[in-house]
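There's a structure below that I have some questions on.
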Amino acid sequence: MKNIQQRIAELRRQINTANYHYYVLDNPTISDAEYDRLMRELQELEAHHPEFITPDSPTQRVGAQPLTGFGTVTHRIPLLSLDNAMNEGELLDFFQRIQKALPGETVEFVAEPKIDGLAVELVYENGIFTGGSTRGDGFTGEDISQNLKTIRAIPLTLRNADIPAPELLEVRGEVYMDRPDFEKLNEQQLAEGKPAFANPRNSAAGSLRQLDARITAKRPLKIWCYSLGSCTGISFETHYEFLQTLPKWGFRVNPLIKLCKTREELLEYYHYIESIRDSIAYDIDGVVFKVNSYAQQQALGVKSRSPRWAIAGKFKARQEVTRILDIEASVGRTGAITPVAHLKPVSLGGVTVANATLHNQDEIDRKDIRIGDWVIIQRAGDVIPQVVKVITERRTGSEQKYTIPDRCPVCGGHVVRPEGEAKHRCQNMNCPAQLKGRIRHFVSKRAMDIEGLGEKIIDQMVDSGLVKNVADIYFLKAEQIAALEHLAVKSAQNIIDAIEKSRNPTLAHLVHALGIPNVGEHMGKLLEQHFGTLEKLFEADFDELNQIEGVGPIVAQSIVDFFAEEKNRQTLQRLLEGGVRIQATSSPEKTTHPLAGKTFVFTGSLAQFTRDEAKETVEKLGAHAASSVSKNTDYVVIGESPGAKADKAHKLGVKILSESEFRKLIDS
Ligand code: IVH
């Protein structure tokens with residue numbers, strides 16, 4: 001037994017050392033085959049002696065069961081953000097402020113690249129990794145321990161070179177993906193029919209926020225560690241000293257980090273890093289300068305969200321000149337139309353750019369963008385490229401103006417620009433660009449409530465041509481459903497039964513299910529109370545709708561536009577032919593959601609919703625989405641990098657929800 005335990009310990013030591021050399025020092029010492037052999041031997045020994053398995057064993061990096069949601073973690077010390085300096089002048093202002101606050105003192109700075117990834121916190125107790133979290137709103141983040149464990153460059157046990165492990169150590173850093181790895185991953189995603197990620201940052205974020213750590217384990221995530229959180233049992237005088245200790249413990253620290261003593265050195269660093277930006281394997285969006293001495297940091301203090309002792313020197317957005325070959329209207333999942341410019345391909349920051357978003361018609365008109373124009377494009381914050389301006393001097397007279405067509409390029413439905421909105425929209429509820437999403441909504445619990453019609457089956461039904469509009473659902477036969485891949489006759493029959501059960505919806509549920517823009521469940525209820533029957537609603541004109549208490553001109557116009565579309569009228573007709581009949585009266589408890597009347601505010605970027613989708617979701621439950629936090633706000637939902645709204649919510653004591661808590665609330 002003793003021997004086995006010793007062997008296990010020896011294998012773990014060898015594997016950890018191999019990981020350290022490979023991932024941290026970037027200098028492999030053993031072959032992949034040898035590594036696999038050690039790992040297999042350890043796995044076998046642990047399988048026979050599960051009593052010896054410890055959570056920090058290298059075998060425990062993967063294999064956890066998928067979670068249903070992430071827990072929340074309150075950071076012992078908030079994770080602050082950084083003030084930005086947009087140019088040399090603003091950087092000089094920063095140094096001046098520091099000098100003024102520390103008269104007569106010598107101030108050294110640590111200069112670091114600003115990594116464009118995701119901030120995380122790693123917690124070690126007595127040298128053992130005990131958990132890790134996202135930054136969240138800076139005060140609370142999500143518990144992503146399972147996912148972080150899969151990153152081999154994160155030590156599960158601190159290497160104790162010559163420094164004993166502190167009782168508590170919190171290390172902060174940025175999880176990111178190298179650009180070549182990101183491109184390989186995207187190729188793989190596309191080959192598997194999955195959507196590509198927009199940029200390395202998004203793909204790192206998406207990978208870290210997987211509920212199934214086995215997926216995260218397959219993603220090429222890396223980390224650079226750059227700051228200290230709580231710490232007991234050891235102390236450091238300077239940030240640089242801390243950074244030099246990190247690799248000894250087994251953490252990766254960026255080799256471009258430099259200790260600078262003069263302003264000149266700092267400015268030189270800023271320009272140097274910008275000049276090598278494209279030749280670095282990962283995305284950086286600037287540099288970070290931090291006062292080196294912890295005592296001086298303490299003396300300078302922090303503001304509400306950012307320290308006075310540090311600043312981010314941002315780089316100028318990368319710009320390039322190219323030509324617009326064509327403009328195309330692209331139809332999104334919700335029918336919103338975005339004009340996209342097809343460009344003469346051009347390299348921008350190491351990425352080939354062939355398209356740029358033109359946002360909407362107003363943007364095209366304001367910038368007077370024409371097909372054939374030479375333009376300056378840029379990637380700001382490394383998102384989708386945009387057209388900055390037209391180089392009018394290069395016009396030849398052959399350029400053509402562009403207007404979004406009045407017919408949908410995908411389905412030929414009417415394109416309408418709703419009053420007060422920037423985007424044009426395809427009005428056809430059966431437009432193939434929207435159909436899958438529309439059906440998912442149509443069958444959902446708070447709409448027609450057809451149980452068993454999940455995303456995969458819907459995809460198959462649409463892809464096989466079995467369902468071309470929502471009404472086709474009511475003509476399906478069990479054998480047709482069963483003929484779809486992987487479906488047993490019994491589950492097909494269950495679906496038929498569920499469809500049957502949904503044939504008598506309330507008017508509110510049907511109206512909600514139709515997915516008329518701006519018309520959610522709450523509005524459906526109002527319309528039901530006023531009209532009672534589908535026929536009456538169908539015949540209502542703008543004025544009648546507009547006069548209903550709680551229905552404004554925007555909603556009224558939305559409804560009129562919806563019923564004006566011939567294809568939508570045909571679908572309603574077909575629903576009737578399929579046996580759908582409105583219930584004469586509705587049971588109030590079915591249409592009143594517990595969240596009805598509540599006010600939500602969203603801040604930061606959410607992983608599973610766009611802002612509009614989040615808004616629509618709460619509105620469908622009869623709640624409202626407001627743009628600013630007040631004491632009347634019921635919930636503030638915070639995503640990644642939230643704004644000042646999160647602070648305000650803390651101050652006013654408004655209930656704060658993480659994205660997963662929000663999900664649970666709306667699903668409950
Ligand atoms: S230090 C006060 N160092 O930038 C300390 N942050 O805008 C703040 N970041 O949330 C963090 N590289 O996600 C620090 N070398 C670096 C960084 C860095 C990237 C990110 C980090 C932070 C954000 C602040």
Side-chain angles (χ1 to χ4, degrees), residues 75-86 90-91 94 98 109-122 132-142 144 148 170-177 199-202 204-205 208-209 221-231 238-240 242-244 246-247 251-260 266 269-270 273-274 277 280 282-294 296-298 300-315 381-382 604-605 638-644 646-647:
H75 302 299
R76 289 186 184 82
I77 301 178
L79 274 76
L80 297 174
S81 78
L82 292 165
D83 282 352
N84 290 330
M86 303 313 287
E90 292 182 12
L91 278 177
F94 166 74
I98 302 261
F109 291 89
V110 178
E112 310 177 6
K114 186 166 190 297
I115 317 298
D116 200 8
L118 229 87
V120 299
E121 176 161 82
L122 312 171
S133 53
T134 60
R135 174 175 184 273
D137 65 349
F139 301 97
T140 54
E142 285 181 313
I144 51 162
L148 289 169
E170 289 177 351
V171 173
R172 290 151 179 201
E174 199 88 352
V175 171
Y176 69 97
M177 209 178 272
N199 53 48
R201 202 202 99 85
N202 284 7
L208 256 194
R209 306 197 62 254
L221 294 173
K222 294 190 170 170
I223 187 168
W224 292 123
C225 297
Y226 53 60
S227 110
L228 178 63
S230 273
C231 175
T238 65
H239 176 55
Y240 199 65
F242 165 69
L243 290 179
Q244 283 180 316
L246 282 177
F251 295 98
R252 279 182 100 219
V253 174
N254 193 291
L256 294 167
I257 293 179
K258 189 170 177 259
L259 185 63
C260 296
L266 286 167
Y269 184 87
Y270 176 51
I273 298 290
E274 180 159 25
R277 184 181 189 188
I280 301 177
Y282 44 90
D283 280 350
I284 55 177
D285 55 351
V287 294
V288 185
F289 296 136
K290 303 173 184 172
V291 168
N292 188 27
S293 147
Y294 283 141
Q296 286 179 335
Q297 286 189 4
Q298 192 100 47
L300 289 160
V302 299
K303 298 187 283 182
S304 72
R305 305 188 58 83
S306 55
R308 288 202 188 82
W309 45 262
I311 196 144
K314 301 286 269 198
F315 296 150
D382 291 312
S605 54
I638 49 174
E640 209 42 49
S641 313
D647 292 348

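Since the model is a prediction, treat every value here as computed from it, not as a measurement. We count ligands from 1, going down the list as the structure has it; atoms in each ligand are counted the same way.
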I'd like to know if the side chain of Thr134 reaches the main chain of Glu142, judged simply by a donor and an acceptor atom lying under 3.5 Å from each other, with no hydrogens or angles considered.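 Here the side-chain-to-backbone pair exists.
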Pairs of nitrogen or oxygen atoms closer than 3.5 Å, one from Lys290 and one from ligand 1: do any exist?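 Such a contact does occur with ligand 1.
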Using a 4.0 Å cutoff against the non-hydrogen atoms of Arg135, which atoms of ligand 1 qualify?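 By the 4.0 Å cutoff, the relevant atoms are 10 (O).
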Side chains of Ser227 and Glu174: does their closest heavy-atom pair fall under 4.5 Å?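 In short, these two side chains do not touch, never coming nearer than 4.5 Å.
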Any side-chain heavy-atom pair from Leu122 and Ile223 closer than 4.5 angstrom?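 Of all side-chain heavy-atom pairs linking Ile223 with Leu122, at least one is under 4.5 Å.
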Do His239 and Asn292 touch side chain to side chain, with heavy atoms closer than 4.5 Å?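 SC-SC contact between His239 and Asn292 confirmed.
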Is the shortest side-chain heavy-atom distance between Leu256 and Ile280 below 4.5 Å?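 Touching, per the 4.5 Å side-chain cut-off.
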May I ask whether Arg172 places a heavy atom under 4.0 Å from ligand 1?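 Not so, Arg172 does not reach ligand 1.
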At a non-hydrogen distance cut-off of under 4.0 Å, which region of Leu82 contacts ligand 1 (side chain, backbone, both, or neither)?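 For Leu82, the contact with ligand 1 is made by both the backbone and the side chain.
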Identity and distance of the protein heavy atom lying nearest atom 8 (C) of ligand 1: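 It is Leu80 O, 3.7 Å.
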Taking a cutoff of less than 4.0 Å between a non-hydrogen atom of the residue and any ligand atom, is Ser306 in contact with ligand 1?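 Contact check Ser306 vs ligand 1: negative.
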Closest protein heavy atom to atom 23 (C) of ligand 1, given as residue, atom name and distance to 0.1 Å: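 Closest protein heavy atom to atom 23 (C) of ligand 1: Lys114 NZ, 4.0 Å.
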Please work out whether any backbone atom (N, CA, C, O) or any side-chain heavy atom from C-beta onward of Ala312 is under 4.0 Å from ligand 1, and answer side chain, backbone, both or neither.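 Neither part.
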Indicate yes or no: does an N/O atom of Pro113 lie under 3.5 Å from an N/O atom of ligand 1?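 In this structure, Pro113 places an N or O atom under 3.5 Å from an N or O of ligand 1.
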Residue part near ligand 1, for Glu174, under 4.0 Å between non-hydrogen atoms: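 The side chain, only.
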Shortest heavy-atom approach to atom 17 (C) of ligand 1 - which of Tyr226, Trp309, Phe289: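 The option holding the nearest heavy atom is Tyr226.
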Tyr226 side chain near Val288 side chain, heavy-atom distance below 4.5 Å: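 A side-chain contact under 4.5 Å is absent here.
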Below 3.5 Å, N or O to N or O, backbone or side chain included: is there any such pair between Ser227 and ligand 1?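 Among all N and O atoms of Ser227, none is under 3.5 Å from an N or O of ligand 1.
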Should the pair Lys303-Asp83 be classified as a salt bridge under the 4.0 Å nitrogen-to-oxygen rule?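 Salt bridge flag = yes for Asp83 with Lys303.
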Describe, in one word, how the ring planes of Tyr270 and Phe289 are oriented to each other, choosing from parallel (under 30°), tilted (30 to 60°) and perpendicular (over 60°).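 Perpendicular: the ring planes of Tyr270 and Phe289 meet at over 60°.
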Take every heavy atom of Pro307, measure it against each atom of ligand 1, and state whether any distance is under 4.0 Å.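 A heavy atom of Pro307 does come that close to ligand 1.
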For ligand 1, which atoms have a heavy atom of Glu112 less than 4.0 angstrom away?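 Heavy-atom distances to Glu112 below 4.0 Å select 3 (N), 15 (N), 16 (C).
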For ligand 1, find out whether one of its N or O atoms is nearer than 3.5 Å to an N or O atom of Ile115.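 Right, the criterion is met.
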Compare every heavy atom of Arg201 with every heavy atom of Gly117, then report the nearest pair and how far apart it is.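 Taking every non-hydrogen atom into account, O-NH1, 2.8 Å.
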A quick test of your reading: do over 12 heavy atoms of other residues, nucleotides or ligands sit less than 6.0 Å from CD of Glu90?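 Atom CD in Glu90 is crowded, with more than 12 foreign heavy atoms closer than 6.0 Å.
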